[in-house]
Amino acid sequence: CWAPLMSHVTYQYNAVPSKAGPAYRASDHLPLGTLETYRALPASERPYTDYDFGIIAEIIQLAELRAQDETRKGKGSGEVTLQKLLKAYEVVLPRHGARPEEDIYYYRLLLKLSLDPD
């Protein structure tokens, strides 16, 4: 869920994912097969740390900025979809020495968050 994750890191990263309107649910915008993909991934071998949550917060913040930018340009609804998160993930992970094509640790958490954003 977004809120507990972000309340854990907002004091440091000031990046709270949000979408205007109380009816927004990221799970309404998931590609088919997301749950199946999540279930197929191996369980995380280690617990997530503050550093890991910071990376996730950075990914979410970039996705939000890009969604807002698209809206300003008249090209989008401003929603942070799983697709936008994954595009941000591909940009942010290399900044931290991780390769998106080899990662399942952060990918798994992003899928989990997209399935249950509350």
Side-chain angles (χ1 to χ4, degrees):
C1 60
W2 300 114
L5 165 71
M6 297 317 297
S7 67
H8 194 256
V9 294
T10 51
Y11 68 92
Q12 185 174 4
Y13 296 95
N14 197 24
V16 179
S18 62
K19 170 64 185 138
Y24 176 76
R25 290 188 53 85
S27 57
D28 295 339
H29 306 281
L30 295 175
L32 294 176
T34 302
L35 180 59
E36 291 80 14
T37 301
Y38 172 76
R39 288 181 176 161
L41 291 172
S44 179
E45 296 179 7
R46 62 183 170 95
Y48 293 98
T49 65
D50 286 345
Y51 179 78
D52 298 325
F53 288 126
I55 291 173
I56 295 297
E58 191 177 334
I59 291 168
I60 293 167
Q61 185 176 34
L62 179 58
E64 287 181 329
L65 289 173
R66 287 181 169 182
Q68 291 169 3
D69 202 34
E70 285 179 1
T71 300
R72 277 193 293 275
K73 293 176 181 178
K75 296 182 180 181
S77 65
E79 294 178 354
V80 176
T81 61
L82 179 59
Q83 182 179 9
K84 285 184 178 85
L85 280 174
L86 293 177
K87 285 182 180 181
Y89 159 89
E90 291 176 353
V91 170
V92 171
L93 235 52
R95 295 178 188 167
H96 297 275
R99 296 179 59 181
E101 60 274 5
E102 295 175 359
D103 171 69
I104 58 170
Y105 183 71
Y106 296 106
Y107 182 74
R108 180 177 175 75
L109 183 56
L110 285 173
L111 286 180
K112 183 176 181 179
L113 291 171
S114 70
L115 290 168
D116 186 17
D118 295 324

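These values consider heavy atoms only, across backbone and side chains, with no hydrogens, waters or symmetry-generated copies. Note that this is a predicted model, so its numbers are computed, not measured.
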* Quick check: does any side chain N or O of Asp52 sit under 3.5 Å from a backbone N or O of Thr49, one acting as donor and the other as acceptor? -> yes
* Asked: Is Leu82 linked to Val91 within one hydrophobic cluster, defined over Ile, Leu, Val, Met, Phe, Trp and Tyr using a side-chain heavy-atom separation of less than 4.5 Å?
  -> yes
* Carboxylate-amine/guanidinium proximity below 4.0 Å for Arg66 and Asp69 -> no
* Give, for atom CD1 of Ile55 and atom CD1 of Ile60, the distance between the pair rounded to the nearest 0.5 Å. => 12.0 Å
* Asked: Would you say Tyr48's side chain and Tyr105's backbone share a donor-acceptor pair under 3.5 angstrom?
  -> yes
* **Reported OH-to-CD distance for the pair Tyr107 and Glu101, which is rounded to 0.5 angstrom** => 13.5 Å
* Between Tyr106 and Val92, is a side chain to side chain contact (heavy atoms under 4.5 Å, CB included) present by the stated rule, with each step listed? -> CA-CA 11 Å; Tyr106 296 106; Val92 171; over 6 Å; no
* Structure fact -> All heavy atoms of Gly76 vs all of Thr71, minimum pair found to be O-OG1, 3.5 Å
* Side chains of Leu85 and Leu113: closer than 4.5 Å at any heavy-atom pair? -> no
* Asked: Which distance, rounded to the nearest 0.5 Å, do you find between the NZ of Lys84 and the CD of Glu64?
  -> 11.5 Å
* State the OH-CG distance between Tyr89 and Leu62, to the nearest 0.5 angstrom. => 14.0 Å
* Asked: Can you hop from Ile104 to Leu109 via hydrophobic side chains spaced under 4.5 Å?
  -> yes
* **CD-CG distance between Glu102 and Leu93, expressed to the nearest 0.5 angstrom** => 10.5 Å
